[in-house]
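Chain identifiers are assigned alphabetically (A, B, ...) following the order of the sequence lines, protein sequences preceding nucleic acid strands; residue numbering begins at 1 within each chain. Given the structure is predicted, the values throughout are model-derived calculations rather than measurements.
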There are 2 protein chains.
Amino acid sequence: MDLPVVQPPAVTERADAARNRQKILCSARRLIAERGLEHVSMDDIAADAGVGKGTLFRRFGDRASLAHALLDSTESEFQEQLIRGEPPLGPGAPPCQRVIAFGEAMIDLCVDRRDLMAEVQAGPRWLRTNIYSGYRAHLAYLVAQAAPEQDAEFVADTLLGVLRADLVNHLVTDRGMEVERLKDGFRALATSLLS
Amino acid sequence: MDLPVVQPPAVTERADAARNRQKILCSARRLIAERGLEHVSMDDIAADAGVGKGTLFRRFGDRASLAHALLDSTESEFQEQLIRGEPPLGPGAPPCQRVIAFGEAMIDLCVDRRDLMAEVQAGPRWLRTNIYSGYRAHLAYLVAQAAPEQDAEFVADTLLGVLRADLVNHLVTDRGMEVERLKDGFRALATSLLS
DNA sequence: GCATCAACCGGACTGAGGTCCGGATCTGCT
DNA sequence: AGCAGATCCGGACCTCAGTCCGGTTGATGC
């Protein structure tokens, strides 16, 4: 039940490498704030950071990972909360409550950081990420406790399916659903599956 | 409750246009059969069809739409079944049964035509497609009948979330789940939401 | 201080999806 | 048949993510 830590600099990073990582993150944040995520290309970021494209991609792998690094504090705080935080998100509360708290927090995350979250989950690799696996394992663990008769893994995938950033965004932005309605829906879903 | 018809040639297509459409579909099918979808680029298809790239994109818009056109007979048969087919997929069966039948059929579709289905649903446009809207409306309609106290639209999105091609593929291919297990899971989900 | 070498750097290059537009072609009307 | 003009064609062109590799730099041991 240990969610994977994000971006562990392999052993120790060379000084120039660390410097460049910071320059890149900094430029990326600035450009995104200025123009919006969809109008910032990887070349833009590299250029603005005064760094070659190769460097950018060696540090961050691909666009999705860069996006993940950009919401890293947010995201790893979230993971931290799941494992060691206060109830109802952290341990201590009954499983069903924790699932619901997870869902609500995730919905907020998707809404507050919509662009980055969508980017992180975009592309065919997302489901193979260990971020996804971590969430999945966490939920499956809770589901197994709350409702042993269910297929815990499948239920976890179901719950995560509703919490996908693109879906949440679509419902809120394109279909004009209120965030509260999504949360109500998620609560109803969790309740009816876990009891 | 009318699912949108696919690819309605605007009014009437010019003869050469229709000819090219056929050449393209034909080449695409051949190349995909030979090398597999992920090793066939749009340029390949255009070249093989003896047609300019512009023509290809004017006819089909983008890669996802071409993929959709390629499984068109399959897909529009499916839609036909939903509206006018035999129970339990078509009208006549109780709503919950129809939802389950829909899910099972969709899972089969995702497994049998995995590449094309994944391609059709890839990218950020999928949820705004009227294919998606059609499915969504269909399910919401059934849900509203079976469980009026639920948020029918949200439940529809939930169900479709589990039936996304990338998820189904991931579970079957990467996680080694049996198709039957997915169907059981979906049945359990539908049952516990609609009763 | 210096040699050694792995790690790192930059930016040219590739490949793919998608756009654009001048010129060719078809169709309906007279 | 002949004309007008809407439709369509082709392929050059653009952007962008991601790769590759020859040259450089920083860490480490002496």
>> Could you walk me through whether Lys23(B) and Asp48(B) satisfy the salt bridge (Lys or Arg N to Asp or Glu O under 4.0 Å) test, starting with their C-alpha distance in whole Å, then the side-chain angles of each, then the deciding distance to 0.1 Å, before giving a yes or no?
In response: CA-CA 9 Å; Lys23(B) 283 198 286 183; Asp48(B) 185 282; over 6 Å; no

>> Determine whether Arg114(A) and Thr173(A) satisfy the following criterion, side-chain hydrogen bond (donor to acceptor under 3.5 Å, both in side chains), listing intermediate values before the conclusion.
In response: CA-CA 10 Å; Arg114(A) 56 185 74 190; Thr173(A) 304; 2.8 Å; yes

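Rounded to an integer number of Å, the gap from CZ of Phe60(B) to C1' of dG17(C) is 16 Å. Protein atom CZ of Arg21(B) is 13 Å distant from nucleotide atom C1' of dC8(D), rounded to whole Å. The nearest whole Å value for the distance from the CG atom in Leu56(B) to the P atom in dC20(C) is 16 Å. Per the geometry, CZ belonging to Phe57(A) stands 17 Å off C1' belonging to dC8(C), to the nearest Å. Distance, Arg58(B) CZ to dG22(C) C1': 13 Å, rounded to whole Å.
The environment of Glu86(B) atom CD is sparse: at most 12 non-hydrogen atoms of other residues, nucleotides or ligands sit within 6.0 angstrom.
His170(A) places no side-chain N or O within 3.5 Å of a backbone atom of Asp166(A) that could act as its donor or acceptor partner. Looking only at distances, a side-chain donor or acceptor of Asn169(B) sits under 3.5 Å from a matching main-chain atom of Ala165(B).
When hydrophobic clusters are built by joining Ile, Leu, Val, Met, Phe, Trp and Tyr residues whose side-chain heavy atoms come closer than 4.5 Å, directly or via intermediates, Ile100(A) is not grouped with Phe154(B).
Phe102(A) has its ring centre less than 6.0 Å from the ring centre of Tyr135(A).
Of all the residues in residues 29-51 of chain B, Gly50(B), Val51(B) reach under 4.0 Å from DNA chain D with at least one non-hydrogen atom.
The side chain of Arg63(A) lies closest to dA17(D) when the candidates are dG17(C), dA17(D), dG10(C).
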What does the list of N/O pairs under 3.5 Å between the protein and nucleotides 26-30 of chain C look like, with a distance for each?
residue	atom	partner	partner atom	Å
dT27(C)	OP1	Ala15(B)	N	3.1

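A salt bridge between Asp184(A) and Arg181(A) is absent, with no side-chain N of the basic residue lying under 4.0 Å from a carboxylate O of the acidic one.
For Lys53(A) against dA17(D), a side-chain N or O and a base N or O form a donor-acceptor pair under 3.5 Å.
In this structure, Arg98(B) is not positioned above the aromatic face of Tyr141(B) in the sense of NZ or CZ being under 6.0 Å from the six-membered ring centre and within 45° of the axis.
For Thr55(A), no side-chain nitrogen or oxygen approaches OP1 or OP2 of dC8(C) to under 4.0 Å. Between Arg59(A) and the phosphate of dC9(C), there is a side-chain N or O to OP1/OP2 separation shorter than 4.0 Å. Residue Asn20(B) places none of its side-chain N or O atoms closer than 4.0 Å to OP1 or OP2 of dC8(D).
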